[in-house]
Novice: 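If you scroll down you'll find the structure; I have some questions about it.
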There are 2 protein chains.
Amino acid sequence: MELSERKQKILKAIVDLYIRTAEPVGSKTIAAMPDMDFSPATIRNEMAELTNLGFLEQPHTSAGRIPSPAGYRFYIDRLMQDYRLSVDETQSINQAMELRMQEFDRAMSKVGKLVSQLTNLPAYAMTSHTESVKVRRFEVLPAGEASFILVVMTTDETVKNKLIKLPLHITEADLKLLSAVLNASLTEISAEQFTPELIDRVTRSAGAASGLVPIAVDFAVHVLENCRRAEVYLTGQNRLLGQPEYQDLTRAQEVLSALDEDTISNLPAKLDPNSPVQILVGPENVAQELKNTSVVVTRFDIGEGMQGMIGVVGPQRMDYAQITARLSYFAEGLGRMFGKPELPEAKKEE
Amino acid sequence: MELSERKQKILKAIVDLYIRTAEPVGSKTIAAMPDMDFSPATIRNEMAELTNLGFLEQPHTSAGRIPSPAGYRFYIDRLMQDYRLSVDETQSINQAMELRMQEFDRAMSKVGKLVSQLTNLPAYAMTSHTESVKVRRFEVLPAGEASFILVVMTTDETVKNKLIKLPLHITEADLKLLSAVLNASLTEISAEQFTPELIDRVTRSAGAASGLVPIAVDFAVHVLENCRRAEVYLTGQNRLLGQPEYQDLTRAQEVLSALDEDTISNLPAKLDPNSPVQILVGPENVAQELKNTSVVVTRFDIGEGMQGMIGVVGPQRMDYAQITARLSYFAEGLGRMFGKPELPEAKKEE
DNA sequence: CTTTAGCACTCATTGCCCCTGAGTGCTAAG
DNA sequence: CTTAGCACTCAGGGGCAATGAGTGCTAAAG
C-alpha cells in the first residue's frame with residue numbers, strides 16, 4: 001500500500017520535527033511550516049488517517065502526534081534525507097581517529113568512547129569473527145626462574161599470552177620440546193578438534209614437559225573460545241540520561257541494566273550484508289528491555305577474517321540521518337585504518 | 001574533644017538507621033529503639049548538640065537529622081561494628097572467584113563486574129605499579145609473509161604484542177638481528193632512558209633491520225607508558241540509579257559523567273599503607289563532582305611490583321561496614337589468587 | 001543538674017480544585 | 001476535496017488548605 005505524496009510529506013515533517021523537539025507535533029505547527037499549503041484542518045484529517053494506518057501515535061487525546069515504530073521505519077527507509085557531514089564534523093572525526101591504535105583491545109575501547117562522543121549517546125564497539133578461528137602457532141618463551149610465557153597466535157591475528165609459573169624446574173630443552181610438540185599437533189585445527197585422544201597422544205610425546213601440555217591446551221582452548229565470543233566495549237551510558245525520554249528513572253535503569261555485554265553481542269540478530277548501516281527501531285529489537293530504544297550499527301573491516309562493529313543505543317526518537325552519517329564515516333575511517341597493511345612511517349631520523 | 005558515651009550511642013543509632021532507610025531520623029524513632037532508655041526530649045537535646053558539633057545535619061527545620069560527612073567519618077573510625085560475612089556470602093564470593101582468570105586484562109574487567117554485583121554499586125578495578133617498569137625482553141616472531149609480531153615483556157610481567165606489517169620483505173636473519181640488538185641495548189632501562197642518541201646508535205647497529213628499530217622503540221615506549229598509566233575497568237554505573245539519592249537525574253548524571261577513567265585513577269590521592277581498606281567520605285574526595293559520593297577502595301597483591309585496586313562508588317549513605325567487609329574479603333581472595341605462584345593442577349589423565 | 005512532659009511552631013508533602021491552552025474530531029459551508 | 005468553526009478532551013500548573021512529622025523551648029519533676 002502506498003502513501004499519497006502529501007501524506008508522506010506530512011509524515012516526514014512530523015518525524016523531523018519530533019526528532020528535533022521531542023514533543024508531540026500538532027496540526028497547526030505543521031500547517032505553519034513554509035511549503036505546507038494546507039490548512040490545519042486538512043493536516044488533521046491526514047494525521048488521523050496516518051494514525052489509523054499505524055504510522056503515528058497519540059500519547060493522549062489532547063496532544064499532538066508522535067511517530068510510531070512503523071512511522072520511524074517508513075521514515076528511515078523512504079523519507080529520511082541523507083545528512084551531509086559538515087567540514088567541521090569530518091575534521092573532528094578525522095582528528096579523533098588520529099589516535100595511534102597500538103594494541104587492538106585498547107583501541108576498541110577507545111573506538112567505543114569516540115563513537116559515544118560523536119553521537120552523544122551510549123555506544124559500543126566490538127569485534128566479531130567471520131570464520132572459525134584456529135591456532136596458528138605456539139611460542140614458548142622462558143621467563144626467569146621457574147616460569148615461562150606461553151604465546152598463542154591464532155589465525156585471526158590475535159596473540160594472547162599467559163605467564164605460567166611452576167614449582168619445579170624446567171630446562172630450555174623441555175620448553176623447546178613442548179613448543180615443537182604443540183606446534184606439530186595442535187595448530188591449524190579448531191577448538192572442536194582438540195579431542196581427549198589427541199591431547200593424550202600429544203601429552204605422551206612431550207617427554208619431560210608432559211605435565212605442561214594440559215595447561216597449554218587449556219589455555220589454547222580458552223583463547224579460541226574467547227576469540228569466538230566477541231569482545232564488547234560499552235561506554236557513555238550516562239549520555240542516555242541526557243535524553244528527555246529517560247528522565248523517567250525507571251525507564252533509564254531498565255535500559256541501562258539491560259545493556260550488558262551479552263545483550264549487546266546479540267543485538268543485531270542478522271546483519272544484512274547489503275546495507276552497511278543497520279537500524280533497529282524499538283520493537284524490532286529482540287531484547288524485550290530494548291523495545292523502546294533504537295540501535296544503529298555498522299561494521300568495518302579489520303581484515304583476516306574479522307570485523308569490527310560499532311553501534312549506538314538511544315531513544316527511538318534519534319536523529320537517524322545524522323547518526324548514520326557520522327557512524328558510517330567513522331567506520332569507513334576505521335576500515336581504512338585497520339583493514340589495510342600498515343605502512344612504515346617516515347621517521348625523522350633516517 | 002570527646003563525645004559522651006550517650007552521644008556516641010545516639011549518633012551510631014542515627015547513622016545505622018539512616019544507612020538502612022535513607023530517610024532523616026527523628027528523635028522519637030531513636031527513643032523507641034530498645035536499649036534507648038531516654039525520652040525523645042532528651043534525645044532531641046543530644047541531637048541538637050550533635051548538630052552544633054557538626055556531626056549531624058538537618059535537611060530542613062521540620063525534618064529529622066541525617067549524618068554530616070564528619071558524622072560518617074566518626075562513625076567509620078569509631079562506631080561502626082565489623083560486619084560479619086554470612087556463610088552464604090562467603091560462599092557466593094568464593095564461587096564468583098572460581099572464574100579461572102586466564103588473561104590479566106580480561107580478568108580485571110571481570111573483577112570489576114563482580115565487585116559491582118557484590119556491592120550493588122558502581123565499581124571499578126584497576127592495576128597500578130609500585131616500581132618503575134622496564135622492558136625485560138623483546139621477542140621478534142615471524143608471522144607470515146611480510147609481517148612479524150613484536151612481543152615486549154616488561155619487568156612487571158605484562159606481555160604486550162603488536163603485529164607489524166611491512167610492504168618490504170624481511171628475512172629471518174633480519175629479525176634475529178633486530179631481536180639481538182633490541183635485547184642488547186634497550187632492556188632493563190626505563191622509558192626515560194630511551195634517549196635519541198641511544199636509539200640512533202641502536203638503529204645504526206641493526207643493519208638491514210634498521211628501519212624497524214624506530215617502530216619497535218615506539219611500541220616499547222608506548223607499552224611502558226601504558227604500564228605506568230593504570231588500566232581502569234568501570235562497571236555497574238546503572239546501579240547508581242537504584243540509590244534513592246540519585247533519583248534526581250541531574251545529580252546522577254553529574255556523578256556518572258565524572259566517572260571516567262581519569263578521575264578514577266586519581267581517586268585515592270594517597271593510599272594509606274597501614275589500613276587495607278580506605279574510605280573517602282563525600283567531600284574528602286578531591287574531585288569536586290564526587291563531593292556527594294563516597295568511595296571505598298582496597299588493594300590486593302599481584303606480585304612483581306604490581307598491585308590491583310578495587311573500589312566502589314556510591315552515596316555517602318552507604319553500608320560502609322558491609323561493603324568494607326565484602327570488598328576486603330574479595331580482595332584477599334584475589335591476592336591469594338594472583339599473588340602466589342600458580343600450582344599446576346592435578347589433571348584427570350596423568 | 002538532668003530528664004521529661006507539654007506546647008507552640010515550622011515546613012515539606014499531599015491532595016484537591018480549578019484554570020488554561022494546546023490539540024483534537026466532527027460538521028457544515030465554500 | 002478543502003476549510004472554517006465549534007464543542008470537547010485532557011495534561012500540566014498554580015493556588016490553597018490540611019496533614020503530620022519533627023523541632024526548640026520552657027517549666028515542672030526527679
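Heavy-atom basis, side chains included; hydrogens, waters and symmetry copies ignored. First the proteins, then the strands, lettered A, B, ... as listed; each starts at 1.
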Novice: Under 6.0 Å between ring centres, would you say that holds for A:Phe74 and A:Phe55?
Specialist: yes
Novice: Over how many whole Å does the gap from A:Glu46 atom CD to D:dT3 atom P extend?
Specialist: 11 Å
Novice: Near DNA chain C, under 4.0 Å by heavy atom, which residues of residues 6-22 of chain A?
Specialist: none
Novice: Do the side-chain N and O atoms of B:Ser86 and B:Asp88 include a donor-acceptor pair separated by under 3.5 angstrom?
Specialist: no
Novice: Is there any protein nitrogen or oxygen under 3.5 Å from a nitrogen or oxygen in nucleotides 22-26 of chain D, and what are the pairs?
Specialist:
| residue | atom | partner | partner atom | Å |
| --- | --- | --- | --- | --- |
| D:dG22 | O4' | B:Ser62 | O | 3.4 |
| D:dG22 | O3' | B:Ala63 | O | 3.4 |
| D:dT23 | OP1 | B:Arg65 | NH1 | 3.4 |
| D:dT23 | OP2 | B:Ser27 | N | 3.2 |
| D:dT23 | OP2 | B:Ser27 | OG | 2.8 |
| D:dG24 | OP1 | B:Arg65 | NH2 | 2.9 |
| D:dG24 | N7 | B:Arg44 | NE | 3.2 |
| D:dG24 | O6 | B:Arg44 | NH2 | 3.2 |

Novice: Return the value, rounded to whole Å, for the distance between atom CD of A:Glu49 and atom C1' of D:dT2.
Specialist: 13 Å
Novice: Report the residues that fulfil salt bridge (Lys or Arg N to Asp or Glu O under 4.0 Å) with A:Arg326, sequence neighbours left out, ordered by chain and then residue number.
Specialist: A:Glu89
Novice: Are any of the side-chain heavy atoms of B:Leu3 and B:Leu50 separated by less than 4.5 Å?
Specialist: yes
Novice: Of all residues at least two apart in sequence or in a different chain, which pass the salt bridge (Lys or Arg N to Asp or Glu O under 4.0 Å) check with B:Asp319?
Specialist: none
Novice: B:Glu284: which residues meet the side-chain hydrogen bond (donor to acceptor under 3.5 Å, both in side chains) condition with it, sequence neighbours left out?
Specialist: B:Arg73
Novice: A:Ala41: which residues meet the side chain to side chain contact (heavy atoms under 4.5 Å, CB included) condition with it, sequence neighbours left out?
Specialist: A:Ser39, A:Arg44
Novice: Return a single string for nucleotides 12-17 of chain D, one symbol per nucleotide in 5' to 3' order, where B is base contact, S is sugar-phosphate-only contact and - is none, cutoff 4.0 angstrom on heavy atoms.
Specialist: ------
Novice: Give a yes or no on whether the backbone of B:Tyr320 and the side-chain of B:Thr324 come within a donor-acceptor separation of less than 3.5 Å.
Specialist: yes
Novice: Are A:Asp260 and B:Lys113 close enough for a salt bridge, meaning some N to O gap below 4.0 Å?
Specialist: no
Novice: Can you name the atoms? Protein N/O to nucleotides 27-30 of chain D N/O, anything below 3.5 Å, with the distance.
Specialist:
none

Novice: Sequence neighbours left out, what passes salt bridge (Lys or Arg N to Asp or Glu O under 4.0 Å) with A:Arg78? Give chain and number order.
Specialist: A:Glu2
Novice: How would you list, by chain and number, every residue that makes a side-chain hydrogen bond (donor to acceptor under 3.5 Å, both in side chains) with A:Asn292, sequence neighbours excluded?
Specialist: none
Novice: Listed by chain and number, what are the salt bridge (Lys or Arg N to Asp or Glu O under 4.0 Å) partners of B:Glu245, not counting sequence neighbours?
Specialist: B:Arg317
Novice: Could you pull out all residues at least two apart from A:Gln247 that satisfy side chain to side chain contact (heavy atoms under 4.5 Å, CB included)?
Specialist: B:Leu249
